[in-house]
Structures are given as structure tokens and as C-alpha cells.
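This is a predicted model, so every value here is computed, not measured.
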Amino acid sequence: MAPIIPGFSLDRVTVADGVALNVAVGGSGRPVVLLHGFPQTHLMWRHVAADLAADHTVICPDLRGYGGSDKPADPDGTAYAKRTMAADVVALARSLGHERFALAGHDRGALVAFRAGLDHPDAVTHLAALDVLPTLDMWDVLHGTTAAVGFHLYLMAQPPGLPEELIGAAPDAFFGHFLDGWTRDPGALPAEVRAAYLEASRRAVPSIVADYRASAGVDVAHDRADRERGNRLRMPVTVLQQDWGAVLGYDAAALWRAWAPDLRHVTVGCGHFMAEEAPGEVAGALRELLER
């Protein structure tokens with residue numbers, strides 16, 4: 001039996017034609033939506049969600065293409081655009097009765113949150129991004145041999161066919177590489193949670209690849225258009241990141257501040273899966289954000 005977030009109910013909510021999201025909901029109070037990253041599901045928020053549910057309504061969906069959510073085909077390269085996925089999140093919140101909500105995302109979920117903040121500023125009251133750079137900046141800072149850390153970005157950016165075949169031939173080895181290599185504390189991912197992530201990813205290879213492929217195409221175009229227009233995040237923003245800047249040679253806080261004038265940028269001393277490795281620190285940072 002797959003792990004669950006204690007005290008949360010699971011449901012499926014239709015957010016677009018032919019697309020329903022698997023979502024865990026718990027608590028009561030001001031709404032907070034938490035978006036997971038790669039290669040995970042909503043379960044990555046289990047500790048933080050339980051903390052916030054003491055005084056907030058906490059909504060944890062599986063993104064389209066991931067976990068128990070629907071995985072539509074992507075004939076024109078837009079089904080997994082972050083703009084499309086952000087619209088899912090707004091539709092989900094509205095279906096649950098929330099016109100305005102705080103939004104936090106990790107990794108891929110942070111890119112969806114970033115796009116939601118730009119496209120739907122009247123809906124997103126506060127925004128948090130965990131351990132990611134905006135798409136346009138990410139591609140700009142990756143260069144030379146240090147870009148090897150992001151080999152999967154280049155692999156999944158290739159045209160349909162080869163990435164899906166290669167990853168589909170050994171999905172547990174591929175996804176397990178990131179679960180193991182990006183975690184400083186292996187105990188943060190118990191065996192049953194790790195197995196749930198692998199099972200979910202194994203069943204979602206084409207849609208996960210499509211999500212990443214969009215970040216090398218349509219997402220870049222959308223971000224560039226916003227940068228040229230001077231569109232920025234209007235709400236309070238908190239960014240939690242590892243200290244990758246020293247390795248890759250960039251100032252992460254400066255990159256984020258160009259998008260988010262009201263920014264709190266914090267470097268954390270754990271691995272990539274910080275909501276599982278340092279849940280108390282993450283929950284505390286989100287609570288501080290919600291009071292701004």
C-alpha cells in the first residue's frame with residue numbers, strides 16, 4: 001500500500017478537459033498549495049504539510065504527468081508547458097473554493113509556481129521556490145564541464161523518441177540515480193517512499209520527459225517574453241537553495257531578485273530534497289513567508 005500523508009484525504013479534481021489531478025488535502029485556514037518536484041509525488045511534502053495543516057488548508061496535488069494525476073499526450077509541445085501546468089493549479093484551487101492562495105514549489109513544482117505567479121498574480125498571494133532557478137536563468141548558467149550536473153536536462157530536451165526509449169529501458173536506475181545522488185541524508189527517503197517514487201516515475205516516463213522538453217522550448221519562450229516586458233513577481237517571494245552558486249559560478253540571489261523585488265533568499269545546508277531532509281527549516285521559512 002502506497003504511503004499517505006496522515007490526516008489528509010485523497011481526491012481527484014478535474015482541472016482541464018480530460019485532465020484530473022490526484023490531490024491530498026488537509027487542515028483548515030488560509031490555503032497553501034504545495035507542488036512537488038522530480039522524481040517525486042505530493043508525498044515529498046508529507047512532513048511540511050502536516051506541520052502547516054495545524055492552521056492552514058494545505059493542498060498537495062500530483063502535477064499533471066506525475067504520480068496519480070492524468071498524463072495527457074503532448075502532440076504540439078504545450079501540454080506540459082509550465083503555463084499549462086500553472087493553469088491546472090489555479091483551476092484546482094478554485095475547484096476547492098479558493099480564489100487566492102499561497103503557493104510553494106520544489107524543483108519542477110517551483111517552475112510551475114514561478115509561472116503561476118507571473119501569469120496569475122491576482123490569485124497567488126505568496127510564493128516560495130525550493131532549490132531551482134527560473135528556467136531562462138538555468139540555461140544561461142549551465143556551461144562547460146560543470147553542466148554535467150544537469151545531464152538529464154539535455155537528454156530530455158531531445159525530440160520525442162530517444163529519451164523515452166533510453167529512460168524506459170531502465171527507469172529505476174535512471175530515477176534512482178537522482179533520488180540517491182541528490183540526497184545527503186539517505187534516511188530522509190524511507191524505503192517505502194523511495195519505492196513509491198520509483199513506481200510512479202516508472203509509469204510516467206513519456207510525460208516526465210515532455211515536462212522537461214517543454215523547459216527547453218516553450219517555457220524559455222514564455223520566460224523571455226516576460227523578461228522583455230519587465231513582468232516580475234508582485235507578491236512576497238522566498239527562495240531556499242543549496243549553495244550551487246559557488247560551484248557553477250553564479251549569484252543565485254541576484255538572479256532571483258531580478259524576477260522578485262520582494263525576495264528573501266536563504267541558503268540551506270542539506271541536499272536537494274530539502275522538504276524531506278530539513279522539514280522543520282522549510283516549514284519555518286514558509287510560515288515566515290506567509291506573515292509577510
Side-chain angles (χ1 to χ4, degrees), residues 11-25 30-38 40-42 45 57-130 132 134-136 138 204 206-229 231-235 237 259-260:
D11 200 358
R12 288 181 62 81
V13 177
T14 298
V15 295
D17 288 344
V19 179
L21 301 186
N22 182 53
V23 57
V25 181
R30 287 188 298 163
V32 181
V33 180
L34 305 178
L35 306 178
H36 67 85
F38 161 92
Q40 298 164 292
T41 68
H42 72 276
W45 290 108
T57 298
V58 183
I59 303 164
C60 303
D62 291 334
L63 297 168
R64 73 158 61 195
Y66 288 81
S69 291
D70 288 340
K71 303 166 180 62
D74 188 30
D76 63 0
T78 64
Y80 294 91
K82 302 311 156 291
R83 174 159 288 163
T84 305
M85 298 170 82
D88 287 348
V89 174
V90 174
L92 169 65
R94 287 176 177 163
S95 293
L96 296 175
H98 308 292
E99 292 293 326
R100 288 167 55 77
F101 54 92
L103 182 58
H106 174 258
D107 189 81
R108 309 304 295 172
L111 300 181
V112 177
F114 174 76
R115 177 46 53 191
L118 291 172
D119 286 0
H120 306 277
D122 293 334
V124 180
T125 64
H126 302 75
L127 191 148
L130 277 61
V132 79
T135 299
L136 197 56
M138 176 195 69
S207 52
I208 290 175
V209 173
D211 168 31
Y212 274 85
R213 185 177 289 121
S215 285
V218 64
D219 294 343
V220 172
H222 291 159
D223 282 9
R224 183 172 289 118
D226 277 314
R227 175 171 286 175
E228 291 172 354
R229 289 195 301 265
N231 189 22
R232 298 196 290 177
L233 297 166
R234 303 179 196 170
M235 66 290 299
V237 175
W259 291 102

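At distances below 3.5 Å, at least one donor-acceptor pair connects side-chain atoms of Ser95 with backbone N or O atoms of Ala91. Side-chain atoms of Arg100 come within 3.5 Å of backbone N or O of Asp122 as a donor-acceptor pair. With Asp219 contributing its side chain and Ala81 its backbone, the two residues share no donor-acceptor pair below 3.5 Å. Checking side-chain atoms of His36 against main-chain N and O of Trp45 turns up no donor-acceptor pair under 3.5 Å. For Thr84 (side chain) and Thr78 (main-chain N/O), a donor-acceptor pair under 3.5 Å exists by modelled atom type. Judged by distance alone, the side chain of Arg64 and the main-chain N or O of Ala79 form a donor-acceptor pair under 3.5 Å. Remark: the backbone N or O of Asp211 is paired with a side-chain donor or acceptor of Arg108 at under 3.5 angstrom. A side-chain donor-acceptor contact under 3.5 Å links Tyr80 to the backbone of Pro72.
A salt bridge does not link Lys82 to Asp223: none of the charged side-chain nitrogens sits closer than 4.0 Å to a carboxylate oxygen. Under a 4.0 Å N-O distance rule, the pair Asp226/Arg115 qualifies as a salt bridge.
Minimum interatomic distance between Phe38 and Asp107 (heavy atoms only, all atoms of both residues): N-OD2, 3.1 Å. Taking both residues in full, the closest heavy atoms of Leu103 and Ala116 are given as CD2-CB, 3.7 Å, listed atom of the first, atom of the second, then distance. For the pair Met235 and Val124, the tightest heavy-atom approach, listed with the atom from each and the gap, is CE-O, 3.4 Å. Closest of all the heavy-atom pairs between Pro61 and Leu34 is CD-O, 3.3 Å. The shortest heavy-atom contact between Asp74 and Ala210 is OD2-CB, 3.8 Å. Of all the heavy atoms in Leu130 and Ala110, the pair that sits closest is N-CB, 4.1 Å.
Remark: of the listed residues Asn22, Asp70, Asp62, Asp70 is the sole one forming a side chain to side chain donor-acceptor pair (under 3.5 Å) with Arg12. Applying side chain to side chain contact (heavy atoms under 4.5 Å, CB included) to Arg224 and the options His222, Arg227, Glu228 leaves one that passes, Glu228.
Taking the side chain to side chain donor-acceptor pair (under 3.5 Å) definition, one finds that Arg232 meets it with nothing, sequence neighbours left out.
Rounded to the nearest 0.5 angstrom, Leu96 CG and Thr57 OG1 are separated by 9.5 Å. Between the OH atom in Tyr66 and the NZ atom in Lys71 there is a gap of 10.5 Å [rounded to 0.5 Å]. Annotation: the span from Leu233 atom CG to Leu127 atom CG amounts to 6.0 Å, rounded to 0.5 Å. Between Asn231 atom CG and Leu118 atom CG the span is 5.0 Å, to the nearest 0.5 Å.
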* Might you work through the side-chain contact (heavy atoms from CB on, under 4.5 Å) test for His98 and Ile59, ending with a clear yes or no? => CA-CA 11 Å; His98 308 292; Ile59 303 164; 3.7 Å; yes
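You'll find the side chain of Phe114 stays beyond 4.5 Å of the side chain of Thr135, heavy atoms only.
A 6.0 Å sphere centred on CZ of Arg234 holds no more than 12 heavy atoms belonging to other residues, nucleotides or ligands.
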